[in-house]
Amino acid sequence: MSTTRRQVLLLGGLGVLGAGAATLPTGSVDAKSASRLSDSQMPRPFQVPFVQAPFLQPYTTGIDPADGLPVNYYQVTEKAATAQILPRLTTPILGYNGIFPGPTISLDQGTKAVVRVRNQLPAQHPLDGHALSTSTHLHGSASLPQYDGYASDITNPGFYKDYRYPNFQPARTLWYHDHGVHFTAQNAYSGLAAQYHMHDPLERQLLPQGRYDVALTVSDAMFAENGSLGYDDNTHSGLWGDVILVNGKPWPVMKVQKRVYRFRILNCSISRSLRPTLSTGDPLVIVGTDGGLIPKAQSVANYRHAGAERYEVLIDFRKYRTGQRIELRNLSNKNNVDYDFTGKIMAFDVTDEAVDTTDPTWNRIPTTLVGSEAMSLTAAQSVRTRRFRVKRNDVTNMWTINDDSWQDVIASGYKKVVADPAVDSVEIWEVENSSGGWFHPLHIHLVDFQILSRNGSAAFSYERGPKDVVYVGEGETVRLLMKFSPHAGVYMMHCHNLPHEDHDMMAQFRVGLKETDYDPNDPMTAARAEWDDDDD
Ligand code: C2O
Ligand code: CU
């Protein structure tokens, strides 16, 4: 697809509706740029300093009378704002508290959270006029269904919803993002995404903390001439921007000491997958996956990282010299579209700032970390194997799971399910992507799973930890082992290439209940959003 034919949707209503080709544009010479910025406005790698999102402080704390556990109360407000992403132009965004990425929530296992999400967005998205009704999903949390960001459980502008998060799971990198039905891609792309860190004593002991525990929210974007975000999802196959952002800044540079750092890398791109690697050829040490610490650290030269996956990575800067620049690069993967600078992510400049060697994590590269329930499951425990095929209908340009879509769930009055496991049961789910031309990061809510195999072979070394998203590459079949606990109720599963999810590769499963059972945690009826009469 040539850039002249590419029709870019512009935030701000200046654009025309895209009528892109029904196929994925190839990484040909035509794909030189996605943005319409003039050369002088176009950001370039390594021009701006690295920043991190602020931490969100609870506005109050309390005790849950039901179990005596501490509770942190937070508030975030979804609103339209502008961001400084480009050198001279400002970019309209939608953000939690008006920033992208939104504020990071950080707490300890065993401290519950109540997060009031206030929807103060305009009634309609400036891009295409879709209603800005939102649903907030804490990705990585085994939340009750009514607090899980069920796509159709929407909060309209002017309303708020209190989300209750149990935080009983082991330490991990979670993230919260919009999940509003059929518009998740545009809403998350516009900025409604943020990290959420849960700590526990083992993780605190083993891995760097504080300023050496660094959130990297990586995404890609394309820009219109006036600096607003462009949106072209190539007839729902995906959006591939030509600008790589880390924590909302293009290809930033971070100053680092000569010590070990921990990076919580979230690929927050709505479609692009990454293959991170270091310019030095030195290894990345994978110490955590979506569901927390990996049992055994894995040193890799590079690894495949799809949207919504989280990898916790140690980088050892001890041996580099002061002033040395190390680049974190992206080798890319099949079925992505690459541009001149999408092979770079960010850079690290090594400083001679004194290292605190009383911090035992300064030089520690653990080899054995910690097991988890998901990783100790065995295939012999499985009571059932279910099979799912993820594919595209080339006539409708719609994506499905076993021919099912969220439209079918809506049409059934939210009853239709693709699986009905019992509470605490262990199952194997096999996911096949054989239609060709696409990869699908499949996310299953509620559970942490273990990847048993990919195409009959072992999972990649770096994904031998608890996962909630699995990269199902073109021509791949994965087998996943998981236990459905602790909650009963309905949960979604979907592709995390968000244009696929919205069109309409999302289904649901029901844990521990029959269709006719009363469900006290029905996300369409329990814990409704409330009118927000607070006037600030
Ligand atoms: Cu990160 Cu159902 O989503
Ligand atoms: Cu997909």
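First listed ligand is number 1; within each ligand, the first listed atom is number 1. Heavy-atom basis, side chains included; hydrogens, waters and symmetry copies ignored. Starting from 1, each residue takes its place in the sequence as its number.
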Below 2.8 Å, which protein N, O or S atoms neighbour atom 2 (Cu) of ligand 1, ignoring water?
H179 NE2, H445 NE2, H494 NE2
Pairs meeting criterion ring-ring contact (aromatic ring centres under 6.0 Å, His included) with involvement of residues 464-485, two or more places apart:
W429-F484, F439-Y471, F484-F509
Taking the basic N atoms (NZ, or NE/NH1/NH2) and the acidic carboxylate oxygens, is any pair closer than 4.0 Å for D153 and K161?
yes
Under a 4.0 Å N-O cut-off, is there an ion pair linking R164 with D162?
no
Measure the CG-OG1 distance between L452 and T385 for me, rounded to the nearest 0.5 Å.
9.0 Å
Contact flag H496/the Cu ion (ligand 2), N/O/S atoms, threshold under 2.8 Å:
no
What pairs with N267 under side-chain contact (heavy atoms from CB on, under 4.5 Å), at least two apart in sequence or on another chain?
S269, L274, H305
Results of side-chain contact (heavy atoms from CB on, under 4.5 Å) for K334 - residues two or more places apart only
E474
In terms of heavy-atom contacts, does CZ of R386 have more than 12 from other residues, nucleotides or ligands at under 6.0 Å?
yes
H500: which N/O/S atom is nearest the Cu ion (ligand 2)?
ND1
Of all the N, O or S atoms in H440, which one sits nearest to the Cu ion (ligand 2)?
ND1
